[in-house]
Amino acid sequence: MNKILLAEDDNDMRRFLVRALQNAGHEVSSYDNGLSAYHRLREEPFELLLTDIVMPEMDGIELARRATELDPDIKVMFITGFAAVALNPDSAAPKDAKVLSKPFHLKDLVNEVDKLLKAA
């Protein structure tokens, strides 16, 4: 069972994502902001950080940057309506991060997560 840390500030979206990923057999810890997610990352390792980009307290790009500093092997996937932000080469986003643009189907998210985790 893969451990996924989810950071998404939209409550409904977060609940849907948690349910879909758990139904696909993943263990999910979820947070509504980047700072809380970062504190959890410091406590235990995760295989995947799944994060929105635009969030209060700490955005997803900063969260991903700090996560890869803590664990260079962690996989990163951004879920966002602002894909151009993550793809900007000047951003501090991890270069091999995957970007999934909203809106997306939950089955597409689960498929992309599974592919990313199998690529390890």
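The shortest distance between side-chain heavy atoms of Val113 and Asn2 does not fall below 4.5 Å. Between Asp71 and Phe46, the closest side-chain pair of non-hydrogen atoms is not below 4.5 Å. The side-chain heavy atoms of Leu50 and Leu109, taken from C-beta on, include a pair separated by under 4.5 Å. Side-chain contact between Asp52 and Phe78: absent, with no pair of heavy atoms (C-beta onward) separated by less than 4.5 Å. When side chains are defined from C-beta on, Arg14 counts as touching Asn11, because their heavy atoms get closer than 4.5 Å. Residues Lys98 and Lys115 are not in side-chain contact: their nearest non-hydrogen atoms beyond the backbone lie 4.5 Å or more apart. In this structure, the side chains of Ile74 and Thr68 come closer than 4.5 Å at one or more pairs of heavy atoms. In this structure, the side chains of Arg66 and Leu41 stay at 4.5 Å or more apart for every pair of heavy atoms.
A distance-only check finds no donor-acceptor pair linking the side chain of Glu57 to the backbone of Gly34 [under 3.5 Å].
Between the NE2 atom of His26 and the NZ atom of Lys3 there is a distance of 14.5 Å, given to the nearest 0.5 Å. In this structure, the separation between CG on Leu48 and CG on Asp114 is 10.0 Å, given to the nearest 0.5 Å. One distance of note links CD1 of Ile79 with CE of Met13; it measures 6.5 Å at 0.5 Å rounding. We find the CD1-CG distance between Ile4 and Leu21 to be 4.5 Å, quoted to the nearest 0.5 Å. Atom CD of Glu62 and atom CG of Leu35 lie 10.5 Å apart (nearest 0.5 Å). One distance of note links CG of Leu63 with CD1 of Ile53; it measures 11.0 Å at 0.5 Å rounding.
The minimum heavy-atom distance linking Leu5 with Ala37 is given by the pair CD2-O, 3.4 Å. Across all non-hydrogen atoms, the minimal contact from Asp12 to Asp10 is N-OD1, 3.1 Å. Closest of all the heavy-atom pairs between Val76 and Ala64 is CG1-CB, 3.8 Å.
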Test side-chain contact (heavy atoms from CB on, under 4.5 Å) applied to Asn33 and Asp9, step by step: CA-CA 6 Å; Asn33 67 75; Asp9 61 332; 5.9 Å; no
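The environment of CZ in Phe104 is crowded: more than 12 heavy-atom neighbours from other residues, nucleotides or ligands sit within 6.0 Å.
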